[in-house]
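Inspection log for the structure reproduced underneath, given as structure tokens.
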Amino acid sequence: MPELPEVETIARGLDAAIRGRTIARVDVWWGRTVDSRSEPIERLVGDTIASVGRVGKFVIIGLTSGRTLAVHLRMTGRLTVADRGTAAAVDRKGRPLPDLSKGRPLREPSKHERFALVFRDGGRLAFSDARKFGRVRLIDGDVARALDVGIDALALGAASLRALLARRTTRIKTFLLDQRRIGGVGNIYANEALFRARVHPKRRAGKLTALQRTRLLRELRAVLRSAIASRGSSVDDYVDAEGMPGEFQKLLKVYGRAGLPCRRCRTPIKRIVLGQRGTFYCPACQR
DNA sequence: ATCAGCACCTGTTGGC
DNA sequence: TGCCAACAGGTGCTGA
């Protein structure tokens, strides 16, 4: 599932690939991919990509008109660029997708493509999403307000974290996943940060000691930065804008390792469900 | 206001 | 081997 490091990797790749291109056509193959709160999506036609960035887990495509196309990949969404005459994108098994730049496709060009921007130069940005959970939303105005995402996990400071946690009774793991408080942290990195900080996922957010807060902040930033350096984690089927998987899944310490020995102390990693999400931790290391 | 629980989806997995 | 139910999960919405 794309979280902050994966979205950051995709955004950087897209910025290099599509900045300056002008939209000639928009293809919508699955209507609900366009968020119900979106401005009319056909307003994209004629607009030009100014830059691509990230807010929380949203890929933010800034346009020269001042509008913004926000894309949320949810679990299985992917954004890939195909240039005229090249087939940059590959499918889940690594096979190249057909080159669709020569002529108009009559139907969705690959099985899971839901949405695409077709550029005047013949290239296209395709949004594919097997489970149809991902959304695109054209925003005219204040992006931060529209998306309701809290402070970015990489911009979080000690004082902010302390204030956010104060008196909160929710579990720290659940808290980390609340995008309205902190933006960008998903299930994988919440598990990993808590393991590295040696904080038990069920601990009440407001009950962390000062030392635990310090460790959590340090380890959250460290794991996110390391994952960006590895171009993200390809646990399920994530690929970046060039269709390449990440490498960080090899460095995960608890996520997906239920029953396997803790890398610190050899105690079997435990899996529980918190807030209806798989939660992995070492019962010996994390307090 | 806050929070738990379900709906949204379909490819993959595990059990029989 | 083949079939099918259960499962995975981020967020929006609903109802408590």
Side-chain angles (χ1 to χ4, degrees), chain A residues 1-8 10 28-38 54-60 70-79 90-95 108 110-115 127-137 139 143-150 152-153 163-194 201-202 204-206 224 227 232-239 245 249 252 254-259 269 271-281:
Chain A
M1 320 112 244
E3 304 179 23
L4 187 154
E6 292 76 28
V7 176
E8 181 69 27
I10 291 166
V28 179
W29 309 112
W30 178 255
R32 292 173 72 168
T33 291
V34 178
D35 192 286
S36 59
R37 297 160 296 184
S38 177
R54 177 186 65 78
V55 169
K57 300 178 197 170
F58 288 88
V59 175
I60 298 296
V71 182
H72 200 301
L73 303 164
R74 296 285 179 95
M75 264 86 75
T76 54
R78 54 174 65 183
L79 285 167
V90 295
D91 70 11
R92 197 158 39 78
K93 300 221 160 64
R95 298 170 301 208
E108 67 269 36
S110 69
K111 189 175 176 190
H112 299 308
E113 185 169 318
R114 309 302 179 195
F115 177 87
F127 175 72
S128 307
D129 183 18
R131 292 187 199 167
K132 300 179 175 173
F133 281 4
R135 294 290 181 266
V136 302
R137 179 175 172 187
I139 297 165
V143 175
R145 178 170 296 252
L147 298 179
D148 193 20
V149 173
D152 194 82
L164 284 170
L165 292 175
R167 293 176 298 281
R168 300 283 318 240
T169 58
T170 186
R171 318 266 186 196
I172 185 63
K173 163 87 181 321
T174 306
F175 172 85
L176 288 173
L177 296 178
D178 185 347
Q179 301 300 298
R180 295 166 305 172
R181 312 285 177 183
I182 300 174
V185 184
N187 203 30
I188 294 173
Y189 298 105
N191 279 297
E192 293 298 310
L194 288 169
K202 289 178 82 169
R204 303 289 172 176
L224 293 172
S233 301
S234 292
V235 166
D236 198 358
D237 57 357
Y238 156 78
V239 292
Q249 65 280 5
L252 297 176
V254 287
Y255 185 81
R257 298 193 69 248
I269 296 299
R271 181 188 190 277
I272 58 173
V273 174
L274 276 188
Q276 292 154 173
R277 259 157 255 161
T279 299
F280 302 86
Y281 67 101

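The figures here come from the full heavy-atom set of this structure, side chains too, leaving out hydrogens, waters and symmetry mates. Residue numbers begin at 1 in each chain, while the letters A, B, ... track the order of the sequences. Bear in mind the structure is a predicted one, so any value in this text is a computation, not a measurement.
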- [ ] In whole angstrom, give the distance that lies between atom CZ of A:R114 and atom P of B:dC9.
- [x] 10 Å

Open item on the list: Is there a side-chain contact between A:Q179 and the phosphate of C:dT11, meaning an N or O under 4.0 Å from OP1 or OP2?
Closed with: yes

Task: Under-4.0 Å side-chain N/O to phosphate OP1/OP2 contact, A:H112 with B:dT10 - done: no

Open item on the list: Rounded to whole Å, please give me the gap between CE in A:M75 and P in B:dC8.
Closed with: 14 Å

Task: Atom pair distance, as rounded to whole Å: CG in A:D129 and P in B:dG11 - done: 11 Å

Task: Donor-acceptor contact below 3.5 Å, side chain A:R137 vs main chain A:A146 - done: yes

Task: Separation of atom CD in A:E3 from atom P in C:dG9, rounded to whole Å - done: 11 Å

Open item on the list: Are C:dT11 and A:F133 stacked, with the base six-membered ring and the side-chain ring centres under 5.5 Å apart and planes under 30°?
Closed with: no

Open item on the list: What's the separation between atom CD in A:E192 and atom CG in A:L194, rounded to the nearest 0.5 Å?
Closed with: 9.5 Å

Task: Per A:R131 side chain, nearest of listed nucleotides C:dT11, B:dC9, B:dC3 - done: B:dC9

Task: Phosphate-side-chain proximity, A:R37 and C:dG12, N/O vs OP1/OP2 below 4.0 Å - done: yes

Open item on the list: I'd like to know if the side chain of A:Q179 and the backbone of A:V185 have a donor-acceptor N/O pair within less than 3.5 Å.
Closed with: yes

- [ ] Give the nucleotide from the list C:dA8, C:dG12, B:dG5 with an atom nearest to the side chain of A:Q276.
- [x] B:dG5

Open item on the list: Rounding to an integer number of Å, can you tell me how far A:L177 CG sits from B:dC3 P?
Closed with: 14 Å

Open item on the list: Output the rounded distance in Å from CZ (A:R171) to C1' (B:dC3).
Closed with: 13 Å

- [ ] Could you tell me whether the phosphate oxygens of B:dC3, OP1 or OP2, come under 4.0 Å of any side-chain nitrogen or oxygen in A:R168?
- [x] yes

TODO: Rounded off to whole Å, could you give me the CG-to-P distance for the A:L73 and C:dA8 pair?
DONE: 22 Å

Open item on the list: If you compare every side-chain N and O of A:R271 against the phosphate oxygens of C:dA8 (OP1, OP2), does one of them come in below 4.0 Å?
Closed with: yes

Open item on the list: Heavy-atom nearest nucleotide on DNA chain B for A:R180 versus A:R135: which residue maps closer to 5'?
Closed with: A:R180

TODO: Report the distance from atom CZ of A:F175 to atom P of B:dT2, rounded to the nearest whole Å.
DONE: 13 Å

Open item on the list: Nearest heavy atom decides the nucleotide; on that basis, is A:P2 or A:S36 closer to the 5' end of DNA chain C?
Closed with: A:P2

TODO: For residues A:F280 and A:I269, report the shortest heavy-atom separation together with the two atoms involved.
DONE: CB-CG2, 4.2 Å

Open item on the list: I want to check one thing: is the phosphate of B:dC8, taken as OP1 and OP2, less than 4.0 Å away from some side-chain N or O of A:K132?
Closed with: no

Task: Side-chain donor/acceptor of A:R135 to backbone N/O of A:R32, under 3.5 Å - done: yes

Open item on the list: Counting only side-chain nitrogens and oxygens, does A:Y255 get under 4.0 Å of the OP1 or OP2 atom of C:dA8?
Closed with: no

Open item on the list: Tell me which one of A:V34, A:V28, A:T33 satisfies side chain to side chain contact (heavy atoms under 4.5 Å, CB included) with A:R114.
Closed with: A:T33

Task: side-chain N/O A:R277 vs C:dG10 OP1/OP2, d < 4.0 Å - done: yes

Open item on the list: Over all strands shown, is A:G186 touching base, sugar-phosphate only, or nothing at heavy-atom distances under 4.0 angstrom?
Closed with: nothing

